[in-house]
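Worksheet for the structure shown next.
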Amino acid sequence: MGAVLAFVGRCMLASLFVLSGCMKFSSHAEPGGGPVVKYMEPKLDYLQEQVHHHTGFHLPLERDAYPLIALTAGVLEVVGGGLFVFNSSLGALLLVSETTYSNGGHLQPTCMCVSPPGPAANTNIDA
């Protein structure tokens with residue numbers, strides 16, 4: 001029973017990555033790379049700035065290559081998700097590396113739906 005539940009859990013987690021990778025494939029054909037590239041542009045720009053700031057080395061990435069980078073991230077997600085379903089540690093490694101890579105080198109959540117608390121959340125109530 002435990003093995004079945006573990007397999008179902010791996011399938012559910014891998015489906016998130018596989019569907020995200022398929023979305024990156026479908027938006028690759030759009031002019032400019034579509035919304036995925038627009039989302040990744042600031043992160044890749046920040047990554048280039050940080051590498052140059054800390055090492056003095058300029059990354060040879062042009063904005064024309066950003067759709068190819070998004071496509072590479074999609075391939076990592078689909079292949080990593082497929083391998084992860086079958087309990088492969090290589091699949092897990094690919095998913096971790098893709099998550100780090102897509103976050104611009106940071107292991108942090110990238111949820112765009114959570115906004116910072118507004119002024120109403122910072123009120124001080126004295127009883």
Side-chain angles (χ1 to χ4, degrees):
M1 181 72 173
V4 173
L5 287 176
F7 180 74
V8 170
R10 283 194 309 270
C11 287
M12 291 171 63
L13 181 63
S15 69
L16 296 173
F17 286 98
V18 170
L19 291 174
S20 176
C22 291
M23 182 188 72
K24 289 176 183 168
F25 287 146
S26 66
S27 70
H28 179 69
E30 295 180 21
V36 174
V37 172
K38 289 179 185 170
Y39 176 70
M40 290 179 70
E41 265 182 0
K43 295 178 180 202
L44 291 170
D45 291 339
Y46 178 74
L47 177 66
Q48 285 184 342
E49 291 171 9
Q50 290 300 311
V51 167
H52 177 65
H53 176 71
H54 291 290
T55 65
F57 179 74
H58 289 283
L59 289 176
L61 290 177
E62 300 293 327
R63 287 191 176 263
D64 296 338
Y66 286 0
L68 184 61
I69 293 170
L71 183 66
T72 304
V75 168
L76 284 174
E77 284 180 333
V78 170
V79 171
L83 290 173
F84 184 74
V85 167
F86 298 108
N87 205 15
S88 169
S89 58
L90 176 62
L93 179 66
L94 288 175
L95 294 178
V96 167
S97 64
E98 190 281 327
T99 303
T100 305
Y101 167 72
S102 292
N103 286 332
H106 299 118
L107 279 173
Q108 63 185 9
T110 57
C111 181
M112 294 173 33
C113 59
V114 178
S115 60
N122 295 331
T123 57
N124 191 0
I125 301 173
D126 293 326

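Index from 1, following the sequence. Remember, predicted model here, so these are calculated numbers, not experimental data. Note that these values count all heavy atoms, side chains included, but never hydrogens, waters or copies made by symmetry.
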Minimum heavy-atom distance V36-A70, with the two atoms named: CG1-CB, 4.0 Å

Joint cluster assignment, F25 & L94, ILVMFWY side-chain distance < 4.5 Å: yes

Hphob cluster co-occupancy, V78 + L76, side-chain heavy atoms under 4.5 angstrom: yes

Backbone N/O of L68 and side chain of T72: donor-acceptor pair under 3.5 Å: yes

From CD1 (I69) to CD (E41), nearest 0.5 Å: 10.5 Å

From NZ (K24) to CE (M40), nearest 0.5 Å: 5.5 Å

Nearest non-hydrogen partners of L90 and L83, listed with the distance: CD2-CD1, 3.9 Å

For the student: nearest non-hydrogen atoms of C11 and V85, plus distance: SG-CG1, 3.8 Å

Heavy-atom pair with the smallest gap, counting every atom of G21 and E77: N-OE1, 2.9 Å

Closest contact, heavy atoms only, G81 versus A14: O-CB, 3.3 Å

Parallel, tilted or perpendicular: ring planes of F7 versus F86, cut at 30 and 60 degrees: tilted

Heavy-atom side-chain proximity of K43 to L47 below 4.5 angstrom: no

side-chain contact (heavy atoms from CB on, under 4.5 Å) assessment of M23 paired with L19: CA-CA 6 Å; M23 182 188 72; L19 291 174; over 6 Å; no

H54, NE2: over 12 other non-hydrogen atoms inside 6.0 angstrom: yes

Separation between OG of S89 and CZ of F84, rounded to the nearest 0.5 Å: 10.5 Å

Transitive ILVMFWY side-chain link Y39 to L44, under 4.5 Å: yes

Test item: R63 and D45 side chains (from C-beta on) under 4.5 Å apart, heavy atoms: yes

Approximate separation, where rounding is to 0.5 Å, of L95 CG and S88 OG: 9.5 Å

